[in-house]
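Down below is the structure, laid out as structure tokens.
Within every chain, numbering begins at 1; the chains are lettered A, B, ... in the order of the sequence lines, protein sequences first and strands thereafter.
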Number of protein chains: 2
Amino acid sequence: MDQTHDADLRIAHSPTKLRELAVDRLRQAIISGRFAGGSRLVERTLCDQLGVSRSVVREAIRYLEAEGLVETQGRSGPVVATLDWPRARQIYDIRRLLEAAAAAACATRADEGTKKRLRAALDALKLSFENGQPDRLLGATTHFYQVIFDAAGHDIAWEIVQRLNGRISRLRAITLATSDRSVSGHAHMQRICAAICAHDPEAAAAAVNDHLRDAAEIARISLEGQP
Amino acid sequence: MDQTHDADLRIAHSPTKLRELAVDRLRQAIISGRFAGGSRLVERTLCDQLGVSRSVVREAIRYLEAEGLVETQGRSGPVVATLDWPRARQIYDIRRLLEAAAAAACATRADEGTKKRLRAALDALKLSFENGQPDRLLGATTHFYQVIFDAAGHDIAWEIVQRLNGRISRLRAITLATSDRSVSGHAHMQRICAAICAHDPEAAAAAVNDHLRDAAEIARISLEGQP
DNA sequence: TGCTGTATGATGGTATACCAACATACAGAC
DNA sequence: GTCTGTATGTTGGTATACCATCATACAGCA
């Protein structure tokens with residue numbers, strides 16, 4: 001029996017569970033700002049909104065708690081996590097370390113396929129800058145960095161970065177779209193792409209560092225309300 | 001009414017929930033190897049073992065899934081996560097980035113209190129090396145690094161490192177206790193402590209890098225079975 | 001009016017019920 | 001012995017029940 005043909009028939013993905021749908025829906029609602037930072041997530045209300053039982057809601061909340069998007073204060077129920085500048089700064093710092101390392105690794109090992117995907121992601125990113133929809137901008141940026149992390153083989157770091165990005169999602173939308181920057185977000189990513197395609201890990205890491213430092217400064221102004 | 005006295009009466013911590021106890025107990029059982037990598041975690045069996053209902057067990061499993069200690073494969077129930085060398089290497093690499101950054105920040109800002117705590121942690125560590133119990137060794141090492149992260153103000157990085165350490169806990173016990181190292185684990189930490197107390201961030205980061213590189217190599221040999 | 005006590009409703013924590021799906025054992029036929 | 005069909009048991013996913021605790025409203029009293 002030819003093993004190749006067996007593989008074709010394999011059912012690789014199980015049906016999506018209600019729980020998974022609920023987690024995704026809730027995560028999106030938090031990230032999009034529909035549930036603002038500090039707001040209560042009342043289980044029975046969420047049951048009505050999501051159309052599922054409390055079991056599903058509770059399990060979803062446990063996931064999101066572990067991701068840091070939801071906090072459970074001692075004696076009252078779950079609350080959407082809030083974000084102050086000191087914590088945001090930590091998140092930007094960690095991202096800088098992990099993203100710079102991934103860009104450097106990607107620059108070392110990028111093949112033609114990777115470069116092609118990266119340039120395509122950069123084109124899509126340029127379109128979404130022109131388009132002006134923040135969600136598409138976020139999605140395009142995420143995809144750009146995902147290409148880098150995939151090529152670098154940094155799966156676990158990507159998980160961590162995705163989680164951290166979830167926690168600062170509101171900020172990210174603002175910082176990406178901000179036009180009063182000395183160097184645009186798109187220009188930063190062009191530099192990252194160029195350094196990777198030139199197989200220059202140090203330039204790639206430096207470009208990521210610059211990008212994240214800029215973004216962090218805009219975030220700081222946004223959160224602290226003063227330049 | 002004196003506000004100071006009000007603060008004394010405040011009930012700061014809510015009673016521990018069954019759910020929290022179950023998470024801790026399960027986490028410890030996984031970390032200690034009682035539930036080996038790859039083994040099934042059957043909900044009803046865990047209910048009997050923990051003496052709680054399925055709700056509590058399920059919610060605990062959701063947390064541990066989000067932490068990466070438990071994996072849920074498509075069509076069968078939760079399994080204790082396994083660890084191969086490529087993933088372990090990623091974890092060591094990420095730890096190196098985060099721990100080196102924390103040590104450098106700690107070296108920059110360490111006050112006398114911090115230095116004192118660090119030296120005390122190092123003394124306790126030396127005792128546990130002599131003592132020979134792996135769990136105490138792990139605990140002492142964790143405490144040493146916690147002092148560093150606290151002083152550095154890197155709370156979020158510490159959360160991430162703790163989680164990553166949970167995933168490689170078996171490996172950590174082995175690498176810490178290994179005696180056929182060119183530089184002992186304790187000696188590495190002495191160097192880290194000395195660099196921090198000398199306010200030398202670069203030396204602190206370099207010492208952490210050396211420590212983690214050594215540990216990663218021992219882990220690789222342990223997982224791949226060849227020097 | 002302010003304070004206290006009581007009733008009611010809302011909410012989270014936990015236990016249990018129900019069902020579908022899957023795994024395994026067993027009987028019967030060839 | 002091998003294969004098929006059926007029965008039974010196990011397990012996960014989801015819904016619901018129960019209870020304790022807390023918050024709020026309201027009534028009564030000084």
Set out, in order, the CA-CA distance, both residues' side-chain angles and the distance that settles side chain to side chain contact (heavy atoms under 4.5 Å, CB included) for A:Ile91 and A:Leu83, then state yes or no.
CA-CA 10 Å; A:Ile91 288 171; A:Leu83 187 69; 4.2 Å; yes
Neighbour count above 12 (heavy atom, 6.0 Å) for B:Arg54 CZ:
yes
Sugar-phosphate, base or nothing in reach of A:Arg19, heavy atoms under 4.0 Å
sugar-phosphate
Of the listed nucleotides C:dT16, C:dT11, C:dA15, the one nearest the side chain of A:Arg40
C:dT11
Is any side-chain N of the basic residue among A:Asp93 and A:Arg96 closer than 4.0 Å to the acidic one's carboxylate O?
yes
If I take atom NZ in residue B:Lys17 and atom P in nucleotide D:dT21, what distance separates them, rounded to the nearest angstrom?
13 Å
Whole angstrom is fine here: how far is it from CG in B:Leu50 over to P in C:dA15?
11 Å
Whole angstrom is fine here: how far is it from CD in B:Glu43 over to C1' in D:dG13?
8 Å
If the threshold is 4.0 Å, N to carboxylate O, is there a salt bridge linking B:Glu67 and B:Arg27?
yes
Among D:dA15, C:dA15, C:dG13, which is the nearest nucleotide to the side chain of A:Arg62?
C:dG13
Under 4.0 Å between a side-chain N or O of A:Ser55 and OP1 or OP2 of D:dT14?
no
Find the distance B:Ile61:CD1 to D:dT11:P and express it as a whole number of Å.
13 Å
What's A:Leu41 touching, base or sugar-phosphate or nothing? Going by heavy atoms closer than 4.0 Å.
sugar-phosphate
May I have the step-by-step check of salt bridge (charged side-chain N to carboxylate O under 4.0 Å, His left out) for B:Arg62 and B:Glu59, ending in yes or no?
CA-CA 5 Å; B:Arg62 296 294 86 82; B:Glu59 291 185 29; over 6 Å; no
Between D:dG13 (C1') and A:Arg54 (CZ): distance, integer Å:
17 Å
Quick one: the side chain of B:Arg58 and the base of D:dG12, do they pair up donor-acceptor inside 3.5 Å?
no
Distance in angstrom units between B:Leu18 CG and C:dT14 C1', rounded
7 Å
With respect to the phosphate group of D:dT16, does any side-chain polar atom (N or O) of A:Arg44 fall under 4.0 Å of OP1 or OP2?
no
Candidates D:dG13, C:dA15, C:dT14 - which lies nearest the side chain of B:Glu59:
C:dT14
Among D:dT11, C:dA17, C:dT14, the one nearest B:Val42 by side-chain distance:
D:dT11
Nearest-Å distance, CG (A:Leu21) to C1' (D:dT14)?
13 Å
